[in-house]
Amino acid sequence: VRGFVGASISESDEAKEKFDIDTKTEVVVILGLAPNGPASKAGLKPGDVVVSIDGTKMRTADKLRRYIASLRPG
């Protein structure tokens, strides 16, 4: 059992440009949400950015996925 976000994410320049985010900013962009998934229930929206989780910087989508997967659900 592992954590699950329920969102499509990216740190690409294209994703940042789509939502008018400075491409030099090291963040992960929320592109879309699974209906009734954890991210949606938490109030995240497409275009939101993830800077850090629990004080750990999230510079890449892969790092965010691995970090969330290491957590227990809930």
Single-linkage hydrophobic cluster, 4.5 Å side-chain cutoff, Leu31 and Val50 together: no

For Pro46 and Gly32, which heavy atoms make the closest approach, and how far apart are they? CG-CA, 4.3 Å

Scanning both residues in full, the closest heavy-atom pair of Leu33 with Ala39 reads CD2-CB, 3.6 Å

At what distance, to the nearest 0.5 angstrom, does CZ of Arg2 lie from CZ of Arg65? 11.0 Å

Phe4 and Ile53: same hydrophobic cluster, using ILVMFWY side-chain contacts below 4.5 Å? no

Going by the salt bridge (Lys or Arg N to Asp or Glu O under 4.0 Å) test, which pairs reach into residues 10-20, not counting sequence neighbours? none

Taking side chain to side chain donor-acceptor pair (under 3.5 Å) as the cut-off, I'd like each qualifying pair that reaches into residues 41-57, sequence neighbours left out, listed once. Asp54-Tyr67

Transitively linked via ILVMFWY side-chain contacts under 4.5 Å: Leu64 with Val51? no

Donor-acceptor pairs under 3.5 Å, side chain of residues 21-30 to any protein atom, not counting sequence neighbours: which ones?
residue, atom, partner, partner atom, Å
Asp22, OD1, Lys24, N, 3.0
Thr25, OG1, Asp22, O, 3.2
Glu26, OE1, Arg59, NE, 2.8

With a 4.5 Å cut-off on side-chain heavy-atom distances among I, L, V, M, F, W and Y, is there a chain of contacts connecting Leu71 to Ile9? yes

